[in-house]
Amino acid sequence: MTLAALVKQAAFDALKQLYPDTAIEYSSVTVNQTKPEFSGDYTVVLFPFLKLLRQKPDAIGKQLGDHLLGRTELFASYDIVAGFLNLTIKDSYWSTFLLNHYTQTNFGHQCKGDCRVMVEYSSPNTNKPLHFGHMRNIFLGAAVSEILKANGKQVVKANLINDRGIHICKSMIAWEKTANGATPESAGVKGDHLVGDYYVRFNDLYKAEVTEMVAAGKDEKAAEKEAPIMLEAQEMLRKWEAGDKEVRALWEKMNGWVYKGFDDTYRKMGVSFDKMYYESNTYLLGKKIVEDGLRKGVLFRKEDGSVWIDLKEDGLDEKLLLRGDGTSVYITQDLGTAKLKYEDYKLHQSVYVIADEQNYHIQVLKLILSKLGEPCANGIYHLSYGMVELPSGRMKSREGTVVDADDMMAEMIALAQEQTEAAGKTTGFSGDELRKLYETIGLGALKFYLLRVDPKKKMIFDPKESIDLHGYTATFIQYAHARICSILRKEDIPIVPDASRFQSFHQREPLLKLEKEMILHLEQYPGILAEAGAEFNPASLCNYAFRLAQLFNSFYDAHSISKAENQEKKELRLMIAIMAASVMRHSMGLLGIRMPEKM
RNA sequence: GGUCCGGUAGCUCAGUUGGAUAGAGCAUCAGCCUUCUAAGCUGAGGGUCAUUGGUUCGAAUCCAAUCCGGAUCACCA
């Protein structure tokens with residue numbers, strides 16, 4: 001139980017005992033952290049009880065304050081200011097808390113329970129390399145997976161690869177026509193980039209053909225439909241579906257290049273998956289679900305043989321589930337994969353990390369599954385995030401305006417190097433250590449930048465302005481962590497010391513403001529972690545860790561640790577520093593951001 | 001047009017089930033390195049919380065209407 005909850009419970013119990021004849025609801029008790037301009041740690045708001053108790057706020061505050069002080073060991077004093085009861089927690093509570101937890105490396109972690117959750121993220125198409133928008137998806141998915149694990153869930157990280165369809169055929173056609181057999185090795189280009197280049201090439205060729213046909217007097221719409229290269233791509237897709245050996249061989253070869261490229265990118269990003277799904281295996285699923293639905297009468301067939309569901313009652317429209325020729329559409333596959341995932345892992349919850357442009361699609365998916373009585377329907381959660389846009393608008397891979405993921409990571413690492421060198425902080429590192437440090441700083445900054453914003457908000461990224469390494473950044477937190485490690489090195493204390501080290505510690509002097517603020521903030525971590533899990537929001541961890549680092553920097557500036565006033569203070573501050581570093585590592589670790597010991 | 005999401009400082013964003021004088025970072029300005037790492041610290045300026053009305057002891061937060069921006073409403077995926 002968090003301290004805030006403890007205070008709330010204590011206040012509620014006290015009110016019940018003080019006013020047994022009045023029905024006070026638990027939810028009407030509001031406990032906040034006391035504003036810094038007042039003395040106290042947690043505040044009970046008295047206004048909600050005025051009418052109920054027919055007393056003045058000061059009177060209620062006094063009775064409540066006295067009662068709390070007399071009956072519990074938690075509070076040292078109270079103060080009433082204009083309807084607010086400000087409670088001060090006993091110093092001994094804080095030092096005991098610190099002593100109990102400062103060496104705990106998994107503070108805030110929940111024990112593993114029975115709840116099985118799948119988080120599907122990344123889910124790329126195989127016709128082009130990953131870009132900045134994918135990075136938001138991937139870092140979000142990876143972070144949420146770790147946060148859920150820390151909250152005791154059993155997590156399966158899944159990636160559904162869209163490895164078939166017209167888009168990959170476009171790359172294949174362009175490659176056949178213009179590549180002269182080029183491979184990633186022969187061209188010296190990463191596989192996913194090579195395939196992406198031919199996807200762009202296809203569009204160039206296509207546009208040229210359309211322009212030519214229009215110039216020859218063709219209607220533009222007709223030209224777009226009849227351009228020979230487009231017809232070839234469509235023919236290739238038909239051949240693929242028919243299992244044509246040559247087409248399949250080329251498809252496998254080019255997808256293989258892409259996977260190799262993706263693997264590199266994923267490794268660099270520091271993310272991984274427990275389960276890969278491929279649309280080439282799953283795109284035919286779902287038909288059976290549709291047949292069942294027809295039998296149950298939930299779905300209906302039109303004269304042309306196409307199958308539909310009527311969602312008008314739910315404020316939506318009729319939705320197609322099978323074409324007249326019996327082939328499936330996008331949502332049909334998704335029905336199938338939803339069920340497949342559910343059955344593969346006996347899931348309680350299935351999280352889809354998908355951009356908000358698909359809100360409607362997921363809504364329809366859930367609705368159909370629930371109308372069909374599929375048990376997987378209830379567990380679907382759409383972690384909907386806003387698109388990443390350029391100042392000029394959306395990124396379009398066809399037009400080559402994307403910010404490439406590999407480039408972006410390389411740039412961030414280079415920026416980290418540049419700034420480290422400019423600050424003259426390269427001494428004492430080996431070449432290898434420096435390379436690792438630049439990666440830690442560069443990728444940390446990138447991940448933090450993408451995760452610090454509420455997922456559902458869209459974000460605008462200006463490639464001309466590089467991502468900052470000052471202020472509200474991962475670098476700031478890393479720096480605070482490195483400072484702590486530096487102190488510990490000098491004091492010859494390991495980063496995770498033995499719990500017995502300060503066992504003899506006794507609190508004699510009162511806590512200073514910043515000392516207490518640090519401990520108070522540390523105590524709140526489990527609550528923040530639980531909230532981040534409940535809301536699928538890594539940004540709350542960013543906020544929390546930044547605030548922790550900020551507090552530590554002020555604390556560090558105001559009070560010397562190694563040259564503390566006395567041994568007691570020194571031990572106390574060391575414990576605070578040790579625990580702060582540990583919580584920074586834990587929280588940022590969940591986001592895939594490493595904390596260097598030296599920088 | 002329907003549905004959904006957003007609108008808070010010059011910019012990027014926090015802001016808990018409604019609680020005290022709305023907070024950070026960047027940018028600007030003024031200070032702080034002989035003292036545990038200045039990628040830092042301290043301070044200043046900067047606000048019609050889109051608008052209007054309502055609910056109430058109290059609203060950035062809840063409700064209604066309006067305005068602006070975005071997404072979506074395919075026999076594409």
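Throughout, a chain's letter reflects where its sequence line sits, starting with A, and its residues are numbered from 1.
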Which protein N or O atoms sit under 3.5 Å from an N or O of nucleotides 3-9 of chain B?
from: B/G7; atom 1: OP1; to: A/K457; atom 2: NZ; distance (Å): 3.2

Exercise. Taking NZ, NE, NH1 and NH2 as the nitrogens, is one of them in A/E433 or A/K598 under 4.0 Å from a carboxylate oxygen of the other?
Worked result: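 A salt bridge is absent here (no side-chain N lies under 4.0 Å from a carboxylate O).
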For this session: Answer yes or no for A/K366 and A/Y352: cation-pi contact, defined as NZ/CZ to six-membered ring centre under 6.0 Å and angle to ring axis within 45°.
Result: no
Exercise. Honestly, is A/R483 close enough over A/F552, meaning NZ or CZ under 6.0 Å from the six-membered ring centre and within 45° of the axis?
Worked result: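 No, A/R483 does not sit over the ring of A/F552.
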Could you list the protein-to-nucleotides 74-77 of chain B atom pairs, N/O on both sides, closer than 3.5 Å?
from: B/C75; atom 1: N4; to: A/D304; atom 2: OD2; distance (Å): 2.5
from: B/C76; atom 1: OP2; to: A/R323; atom 2: NE; distance (Å): 3.0
from: B/C76; atom 1: OP2; to: A/R323; atom 2: NH2; distance (Å): 3.2
from: B/A77; atom 1: OP1; to: A/R323; atom 2: NH2; distance (Å): 3.3
from: B/A77; atom 1: OP2; to: A/Y330; atom 2: N; distance (Å): 3.4
from: B/A77; atom 1: O3'; to: A/E279; atom 2: OE1; distance (Å): 3.3
from: B/A77; atom 1: O2'; to: A/N162; atom 2: ND2; distance (Å): 2.6

Exercise. Closer than 4.0 Å, any side-chain N/O of A/S562 to the OP1 or OP2 of B/C36?
Worked result: no
Problem set entry | Any A/K35 side-chain N or O less than 4.0 Å from OP1/OP2 of B/A20 | yes
Problem set entry | Pairing stems for RNA chain B [at least three consecutive pairs; Watson-Crick or G-U; under 3.5 angstrom] | B:1-7 with B:67-73, B:10-13 with B:23-26, B:28-32 with B:40-44, B:50-54 with B:62-66
Problem set entry | Pair of N/O donor and acceptor under 3.5 Å linking B/A39 base with A/T420 side chain | yes
Exercise. With centres under 5.5 Å and planes under 30° as the test, does A/F84 stack with B/A20?
Worked result: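 Here the ring of A/F84 and the base of B/A20 are stacked, with centres under 5.5 Å and planes under 30°.
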Problem set entry | Whether A/Y472 stacks on the six-membered ring of B/A24 base, 5.5 Å and 30° limits | no
Problem set entry | Flag side-chain contact, heavy atom, 4.5 Å: A/L140 against A/F536 | no
Problem set entry | Euclidean distance, atom CD1 of residue A/I493 to atom C1' of B/C36 [Å, nearest integer] |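 Spelled out: CD1 on A/I493 to C1' on B/C36 is 12 Å.
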Exercise. What residues, two or more places apart in sequence or in another chain, satisfy salt bridge (Lys or Arg N to Asp or Glu O under 4.0 Å) together with A/R238?
Worked result: A/E235
Exercise. Sequence neighbours excluded, which residues qualify as side chain to side chain donor-acceptor pair (under 3.5 Å) partners of A/N162?
Worked result: A/N125, A/H167
Exercise. Looking for any heavy atom pair under 4.0 Å, which part of the strands does A/T473 touch: base, sugar-phosphate only, or nothing?
Worked result: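 The residue A/T473 makes no contact with any strand.
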For this session: Using a heavy-atom cut-off of under 4.0 Å over every strand shown, decide if A/H559 touches base, sugar-phosphate, or nothing.
Result: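 Result for A/H559 = base.
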For this session: Check whether the ring centres of A/F448 and A/Y472 lie less than 6.0 Å apart, and answer yes or no.
Result: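 Distance test on ring centres: under 6.0 Å, yes.
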Problem set entry | Test of ring centre spacing under 6.0 Å for A/W251 and A/Y278 | no
Using a cutoff of under 3.5 Å, can you pull out all pairs of nitrogen or oxygen atoms linking the protein to nucleotides 40-47 of chain B, with atom names and distances?
from: B/G40; atom 1: OP1; to: A/G471; atom 2: N; distance (Å): 3.4
from: B/G40; atom 1: OP2; to: A/H470; atom 2: ND1; distance (Å): 3.2
from: B/G40; atom 1: O3'; to: A/N553; atom 2: ND2; distance (Å): 3.1
from: B/G40; atom 1: O2'; to: A/R483; atom 2: NH1; distance (Å): 2.9
from: B/G40; atom 1: O2'; to: A/R483; atom 2: NH2; distance (Å): 3.4
from: B/C41; atom 1: O2'; to: A/D557; atom 2: OD2; distance (Å): 2.6
from: B/U42; atom 1: OP1; to: A/S554; atom 2: OG; distance (Å): 2.9

For this session: Pull up the glycosidic torsion of B/C4 and say syn or anti, syn being anything within 90° of 0.
Result: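 Anti conformation for B/C4.
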